[in-house]
Amino acid sequence: MLAYTLRRILAIIPLLILISIVVFTLAKLMPGDPFGGEIDPNNTNPEYIEEMREKLGYNDPIHVQYMRWITSFAQGDFGKSTTYKKPVSEVIAERIPNTLFLAITSLIITYILAFSMGMYAGRKPYTIGDHAIATFNYAGIAIPQYIIAIVAIYFVAFKLGWLPSSGSYTPGLEEGTWDYWQSRMQHVLLPAVTLGVFSTASYTQFLRNDIIQNSRKDYVRTAKAKGTKESAIYNKHILRNSIIPLVTFLGFDLAALIGGAIITETIFTYPGIGMLFVSSIDTRDYAVVMSLTMLLSLLTLLGNLVADLLYGVVDPRIRY
C-alpha cells in the first residue's frame, strides 16, 4: 500500500500543475484588473500608475507572472488580499475553522441519519416507514440545495424561531464559554443539515437497497438456518458488507462538503471560505479566488486518495 500511496501522491503533482495553469488563465480572463485594488485610488497620476504596474510586475510577460505566482504559492505565499489588505493566508486561516466545523457537523449528521434510516428501511422494506423514508430520499435528491436552504430559513428560522438563520455565533459572547459553543452549534445546525441533505438521501437509499439485496444471499439463509438471531444477522453480517461502499465515500464527502459550502454559506451568510470565495469574486480579489480554487482542488484530489486507501482498509479483498 505504501508504494501505491506514493504513486498516487506523485500523480497528483502534474494534475495540480495543470489546474494551476487553468486557474491562472481564468483569473487573467476575468473582467477587471487586480491592479486596481493595489494602488491609491485617489492618485490618478499616469506616471504613478505606470511605476506601480512595473513595481508589482503587471507589465511582465504572462508566463513570467505565472511562474512567479505558482512558485510563491508552492512556498506558502498566497499573495496579498486587495480587499482585506493583508496576506491571503491570514484571511483564509480566519475563515477555514468555520467551514471545517460546518463540514464535520454536516458529515456527522449525514452518516447518523443515513445509517438509521437505511437500516430501518432495509430491514422493513415496503412498509409505511420505508415509503416515508423513500419519499424523503427522492425529495432530497430532486430538490436543489438552495431551494431547501430557503425553505429551511423561512420555516425553521422565521416561522418557528427554533434556530438562527445567519452568522456563526451570537455577537457579544465570550469565546470558549458554554454559551459561546451552544450558540455556535445553534448557528451551524441549519446550514449543516441543508448541506448534507443530498448525501443523506443518496446514502440512505443506497444502504437500504444493499441491505435488501444482501438479505437474500446464501450466507444469510445459512445463518438463519443455524438459528442466528435476526438482529445479529443484520448488525454483524449484512451491515458489515453494506457499509464498505459508504466508508469509501468518506474521503469524497469531506472535499465535496467544503466545495458545496460555497452555496450554503452564502445563503446563510455563514462566515466560512465559501462565503469568502463568492465575496472575493464580487470584489475582484484575484489572489483570494486563485488561492481558494487551488486549495479546493488539492483537497478534492486528497479526498479521492483517502477514499481509495479506505477502500483497501475496510475490504481486505482489495490488493494494491
Side-chain angles (χ1 to χ4, degrees), residues 1 4-5 8 103-145 147-148 151-152 192-260 300 302-320:
M1 181 178 286
Y4 174 78
T5 305
R8 286 294 307 273
I104 292 172
T105 305
S106 179
L107 204 61
I108 292 171
I109 293 173
T110 293
Y111 275 75
I112 289 175
L113 291 179
F115 273 96
S116 302
M117 294 192 297
M119 279 291 292
Y120 177 85
R123 292 182 65 170
K124 301 181 183 302
Y126 314 114
T127 60
I128 295 176
D130 177 35
H131 292 313
I133 291 173
T135 302
F136 165 79
N137 293 338
Y138 294 140
I141 293 172
I143 301 176
Q145 192 181 72
I147 297 292
I148 294 175
V151 172
V193 171
T194 303
L195 185 60
V197 165
F198 182 84
S199 296
T200 302
S202 303
Y203 296 168
T204 300
Q205 196 64 23
F206 180 89
L207 187 60
R208 180 253 185 201
N209 295 339
D210 204 65
I211 287 175
I212 293 175
Q213 188 177 10
N214 281 326
S215 66
R216 296 168 180 164
K217 290 187 175 177
D218 292 339
Y219 73 90
V220 174
R221 282 196 287 269
T222 302
K224 287 181 178 177
K226 289 181 177 178
T228 307
K229 290 182 179 179
E230 185 177 320
S231 58
I233 293 174
Y234 276 99
N235 295 333
K236 292 184 179 178
H237 301 290
I238 296 178
L239 184 60
R240 184 178 297 174
N241 291 324
S242 297
I243 64 172
I244 290 175
L246 290 184
V247 172
T248 62
F249 292 155
L250 188 63
F252 295 110
D253 278 340
L254 192 57
L257 286 174
I258 291 178
T300 302
L302 292 178
N304 293 342
L305 174 61
V306 171
D308 286 346
L309 296 179
L310 279 176
Y311 199 71
V313 171
V314 298
D315 189 350
R317 294 170 298 180
I318 302 298
R319 291 290 180 270
Y320 296 102

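Only a predicted model underlies this, so the values are computations on that prediction, with no experimental measurement involved.
- Leu113 is not listed as a side-chain neighbour of Thr204, based on a closest heavy-atom distance of 4.5 Å or more.
- Gln213 has its side chain within reach of Asp210: a pair of non-hydrogen atoms, C-beta onward, lies under 4.5 Å apart.
- Using a 4.5 Å heavy-atom cutoff, the side chains of Ser202 and Phe198 are in contact.
- Between atom CD1 of residue Ile211 and atom CG of residue Asn214 there is a gap of 8.0 Å, rounded to the nearest 0.5 Å.
- Between the side chain of Ser106 and the backbone N or O of Ala103 there is no donor-acceptor pair closer than 3.5 Å.
- A distance of 12.0 Å separates CD1 of Ile109 from OG of Ser199, quoted to the nearest 0.5 Å.
- Residue Asp130 holds its CG atom at 11.0 Å from NZ of Lys124, rounded to the nearest 0.5 Å.
- Taking CD1 from Ile112 and CZ from Phe115, the interatomic distance works out to 10.5 Å, rounded to the nearest 0.5 Å.
- Here the CD1-CD distance, from Ile133 to Gln205, works out to 9.5 Å after rounding to the nearest 0.5 Å.
- The minimum heavy-atom distance between Arg221 and Arg216, with the atom names listed, is NH1-O, 2.8 Å.
- Other residues, nucleotides and ligands contribute at most 12 non-hydrogen atoms within 6.0 Å of the OH atom of Tyr138.
- With rounding to the nearest 0.5 Å, the separation of OG1 in Thr200 from CG in Leu195 is 9.5 Å.
- Here the side chains of Gln145 and Val197 are not in contact, with every heavy-atom distance at 4.5 Å or above.
- Note that Arg208 lies in the cation-pi zone of Tyr126, set by a 6.0 Å cut-off to the ring centre and a 45° limit from the axis.
- Closest of all the heavy-atom pairs between Ala114 and Leu207 is O-CD2, 3.8 Å.
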